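These notes concern the structure reproduced below.
Ligands are counted one by one from 1 in listed order, and the atoms in each one are counted from 1 as well. This structure is a prediction, so every number in the text was calculated from the model and none was measured.
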Amino acid sequence: MFLLEISYTSFFEAALTSALSLVLLLAASHQLWSLRWHSTRDRGSSLPLPKGSMGWPFFGETLHWLVQGSSFHSSRREKYGNIFKTHLLGKPVIRVTGAENIRKILLGEHHLVSTQWPQSTQIILGSNTLSNSIGELHRQKRKMMSKVLSSAALESYLPRIHEAVRWEVRSWCRGVGPVSMLSCAKALTFRIAARILLGLSLTDTQFQELTRTFEQLVENLFCLPLDIPFSGLRKGMKARDTLHQYMEEAIKEKLSKRDPDACEDALDYLINSAKEGGKEINMQELKESAIELIFAAFLTTASASTSLVLLLLKHPSAIHKIRQELASHGLSEHCEQCLPATENPNNNILQDNGHQCLTAGCQLPLVMGTEGQVKTLWEQTKQLLTDRTDQDPQNSLSSKNLVNGENRIQEAPCSHDKSNCSPVPGKLQNSVFEGTCQQNISLEKLKSLHYLDCVVKEVLRLLPPVSGGYRTALQTFELDGYQIPKGWSVMYSIRDTHETAAVYQNAEMFDPERFSTERDEGKLGRFNYIPFGGGARSCIGKELAQIILKILAMELVTTAKWELATPSFPKMQTVPVVHPVDGLQLSFSFLGSNDSDKAARNRSLANP
Ligand code: HEM
């Protein structure tokens, strides 16, 4: 008994000693790690390093950052102030908030600081990308890439973007059950980036596979730079290799068929503008630029689209005002020869089987007959089914094929004003017909929609997709009384700057009118509004992103109604971009349809 007690006591003592040693070891390593970074301060400068913690050896505060999300930065900003130090993704980082501090960083590109994405991002995206290039090379590449996103180029993409957005919104409304808005927005932006921007021909299966691979690449862009089995870096590199392989084949195919003077998509613009600069662009550069464009456009625009839908859902008065504005610009007039959805007896069938006459608010799909007479879509569909089945029974179109995406029916030229209708140059894959009815939205017309512009700006202010940008200090410099030592990473904060800028009245509120000409709070300090960064590295896709968001808002408010499919609004996460934790589960239906119609339609689709 006595012996047993002794052995219990010694076991307890041994465990306690081991635990204490471990704690001491951890505390010592924590302290040594802090000292190690303290010693790298520039002794030539008398200024102190910013306050903050460097976390644990090697990992720094990476795990805290991944787990805490947005509260990681806000809690430290509250504790240490607008400039604080930390250690993330294998590097010492100084996080900077506030317009004045950010001005110095953004305008200091190439002399005070230089862009430096985390190592994992550099390895995965490659050295030939615009984001990873510096100095003169960056300037040249930017000039080349800006052609891809120039006003002329954007004007030429516009009809296809409109077509893609319209198609996706209608498919959400036709869908059975709730959808994840984030997944829908990702599919939409991937479609726009891959098909319209890069002109890639993708089957539905390829499209889905590539979207998945792309998501894998993006998910692993920000990880520890460890190239070991199952690590994030290894997964990201694998996804990149798969995408490069696909891109190489697609680019080769495109180049073999391409008219050398054509300028239909970004790849054409890239090849041509490189030639104008007296340079041939090689395959590696093309592949990396293509992936970079999709990466830069994909998650950011998907995040902003999801936030747009979320904030409109929370603020129906904004939907009402957008509708009023569209009406005042003649963009929601009912086509007189088309019946509104509620008056159309075949509405459910028509909505299931095809697209609607696309003048905003015009609900009944019409198709031009051979002599120009107008037929309803259903008549045309029946005819098409009969013709196809007669010709080739293997190739017959079931109504399911027609619902299912890409096998599409020609949309109606608006019979009331043919000047508003035009063939869409870049039809979607496998379209049954190439033409489609649509109201021509020009860049000029989009710009004239001021309230819509305010809404988009406010969405990007309140929920900026990118929370900040990465730089590295090229020399030691002073920022608000602290030294920023040469070689350290600097991360400027977009979200925190928007949240804390004194120029915004009730900054936490969704208030699009703050950007109206009368108030224009955004003008009160250039670096208080930076959803697209600023200076030499500002986003080259900002016009494109805003066009997509505006067209999405227009299509939504004129076509759809949507409601939350969960009991409460989801929490938001910020890594790698701002997004709702559950993707935002929504039920969409056509405006004017009643919900029991949709329920019946869903039932009949589920049990054909
Ligand atoms: C709402 C959508 C978008 C947001 C919020 C956004 C945000 C940003 C931000 C903050 C930067 C600067 C990063 C830095 O300072 O290091 C940036 C850079 C960049 N963006 Fe965007 N972006 C969006 C959409 C797009 C689109 C659609 C494209 C292209 C099709 C694009 C292409 C780029 C490129 C290539 C850069 C790097 C520029 C350089 O290094 O010179 N972005 N973006």
Side-chain angles (χ1 to χ4, degrees), residues 96 102-103 105-110 113-118 121-122 125 128-135 137-150 153-154 157 161 185-186 188-198 265-267 269-270 288-308 456-472 489-495 497-498 527 529-553 574 576-579:
V96 177
I102 284 179
R103 169 196 297 273
I105 306 288
L106 292 180
L107 300 184
E109 182 72 30
H110 300 319
V113 294
S114 168
T115 194
Q116 192 177 46
W117 287 79
T121 319
Q122 291 180 47
L125 284 185
N128 285 302
T129 50
L130 177 65
S131 345
N132 285 334
S133 58
I134 47 174
L137 186 64
H138 172 254
R139 208 188 53 77
Q140 281 174 14
K141 275 190 186 290
R142 206 172 153 99
K143 200 170 157 209
M144 200 165 81
M145 291 279 255
S146 52
K147 292 242 167 99
V148 170
L149 297 154
S150 65
L154 292 178
Y157 308 146
I161 294 176
K186 282 184 192 168
L188 170 66
T189 51
F190 192 76
R191 196 182 289 278
I192 292 175
R195 287 190 175 161
I196 299 165
L197 211 55
L198 298 178
D265 53 56
L267 281 181
Y269 278 101
L270 272 177
E288 290 186 6
S289 302
I291 304 276
E292 179 184 34
L293 274 182
I294 305 185
F295 154 66
F298 174 63
L299 266 197
T300 50
T301 318
S303 153
S305 305
T306 307
S307 302
L308 171 78
V456 167
K457 279 199 177 116
E458 180 65 343
V459 169
L460 293 169
R461 184 196 67 86
L462 204 54
L463 295 172
V466 180
S467 63
Y470 297 88
R471 300 291 183 269
T472 197
S489 290
V490 180
M491 194 183 178
Y492 73 88
S493 165
I494 297 176
R495 196 189 45 254
T497 300
H498 287 185
F527 292 91
Y529 184 73
I530 43 165
F532 297 106
R537 294 269 172 193
S538 66
C539 176
I540 55 163
K542 64 179 179 190
E543 301 298 336
L544 174 64
Q546 289 176 92
I547 288 172
I548 297 172
L549 293 172
K550 286 178 184 177
I551 292 183
L552 177 61
T574 52
V577 289
V578 76
H579 66 276

Quick one: does S305's side chain get under 4.5 Å of L549's, heavy atoms only? yes
Side-chain contact test, heavy atoms from C-beta onward, threshold under 4.5 Å: evaluate it for F532 versus Q546 and give yes or no. yes
Below 4.0 angstrom from a heavy atom of Y492, which ligand 1 atoms are there? Numbered from 1 as shown, please. 12 (C), 13 (C), 14 (C), 15 (O)
Under 4.0 Å between heavy atoms, the region of R471 that gets near ligand 1 turns out to be side chain
At under 4.0 Å between heavy atoms, which part of L197 makes contact with ligand 1: side chain, backbone, both or neither? side chain
Look only at interatomic distance and state if R537 has a nitrogen or oxygen under 3.5 Å from any nitrogen or oxygen of ligand 1. yes
Please write down residue, atom name and distance for the protein heavy atom closest to atom 6 (C) of ligand 1. F532 CD2, 3.6 Å
Against heavy atoms of A297, which atoms of ligand 1 measure under 4.0 Å? 26 (C), 27 (C), 30 (C)
R142 to ligand 1: N or O pair under 3.5 Å? yes
OG (S114) and CD (E109) are apart, to the nearest 0.5 Å, by 5.5 Å
Would S538 count as being in polar contact with ligand 1, using the rule that some N or O on each side must be under 3.5 angstrom apart? no
Could you list the atoms of ligand 1 found under 4.0 angstrom from a heavy atom of I494? 10 (C)
Within-shell test, L106 vs ligand 1, heavy atom, strictly < 4.0 Å: no
Give a yes/no verdict on whether any heavy atom in Q546 is under 4.0 Å from an atom of ligand 1. no
Do the ring planes of F190 and F298 sit parallel (below 30°), tilted (30 to 60°) or perpendicular (above 60°)? perpendicular
Run the numbers for me: atoms of ligand 1, each under 4.0 Å from some heavy atom of V466, listed by number. 7 (C)
Shortest protein contact, atom 28 (C) of ligand 1 (heavy atom only): G541 CA, 3.5 Å
L137, CG: over 12 other non-hydrogen atoms inside 6.0 angstrom: yes
Atoms of ligand 1 close to A545 [distance to a heavy atom under 4.0 angstrom, numbered from 1]: 1 (C), 2 (C), 24 (C)
Under a 4.0 angstrom heavy-atom cut-off, which atoms of ligand 1 come close to G533? 10 (C)
Under 4.0 Å between heavy atoms, the region of H138 that gets near ligand 1 turns out to be side chain
To check your reading of the model: name the closest protein heavy atom to atom 33 (C) of ligand 1, its residue, and the distance in Å. A296 CB, 3.6 Å
Distance in Å, K141 NZ paired with S146 OG, rounded so as to fall on 0.5 Å steps: 13.0 Å
Roughly how far apart are T306 OG1 and L463 CG, rounded to 0.5 Å? 10.5 Å
Winner among C539, A193, P464 once heavy atoms are compared against atom 17 (C) of ligand 1: C539
For a side-chain contact (heavy atoms from CB on, under 4.5 Å) check, start with the C-alpha distance between H138 and H110, then their side-chain angles and the critical distance, and finish with the verdict. CA-CA 10 Å; H138 172 254; H110 300 319; 3.7 Å; yes
Please report the interatomic distance CG(L460) to NZ(K457), rounded to the nearest 0.5 Å. 10.0 Å
Starting at OG of S131, measure out to CZ of R537 and round the result to the nearest 0.5 Å. 7.5 Å
Side chain, backbone, both or neither: which part of L549 has a heavy atom under 4.0 Å from ligand 1? neither
Using the side-chain contact (heavy atoms from CB on, under 4.5 Å) rule, take W117 and L125 through it: C-alpha gap first, then chi angles, then the decisive distance, then the call. CA-CA 10 Å; W117 287 79; L125 284 185; over 6 Å; no
Just checking, is any N or O donor in the side chain of S538 or R142 under 3.5 Å from an acceptor N or O on the other one? yes
Under 3.5 Å between any N/O of Y470 and any N/O of ligand 1: does that happen in this structure? no
Specify the protein heavy atom at minimum distance from atom 34 (C) of ligand 1: its residue, its atom name, and the distance to 0.1 Å. I540 CG1, 3.8 Å
Between CG on residue L130 and CG on residue L293, distance to nearest 0.5 Å: 8.5 Å
Quickly, which of I192, I196, I548 forms a side chain to side chain contact (heavy atoms under 4.5 Å, CB included) with Y157? Name it, please. I196
Heavy-atom contacts with P465 under 4.0 Å: which atoms of ligand 1 show up? List them by number with element. 5 (C)
Out of T189, L149, T300, whose heavy atom sits nearest atom 24 (C) of ligand 1? T300
Hey, are the side chains of L198 and L267 touching, using non-hydrogen atoms and a 4.5 Å cut-off? yes
Heavy atom under 4.0 Å from ligand 1: found in P531's side chain, backbone, both, or neither? backbone
Per-atom contacts of ligand 1 with S131, taking only distances under 4.0 Å to non-hydrogen atoms: 40 (O)
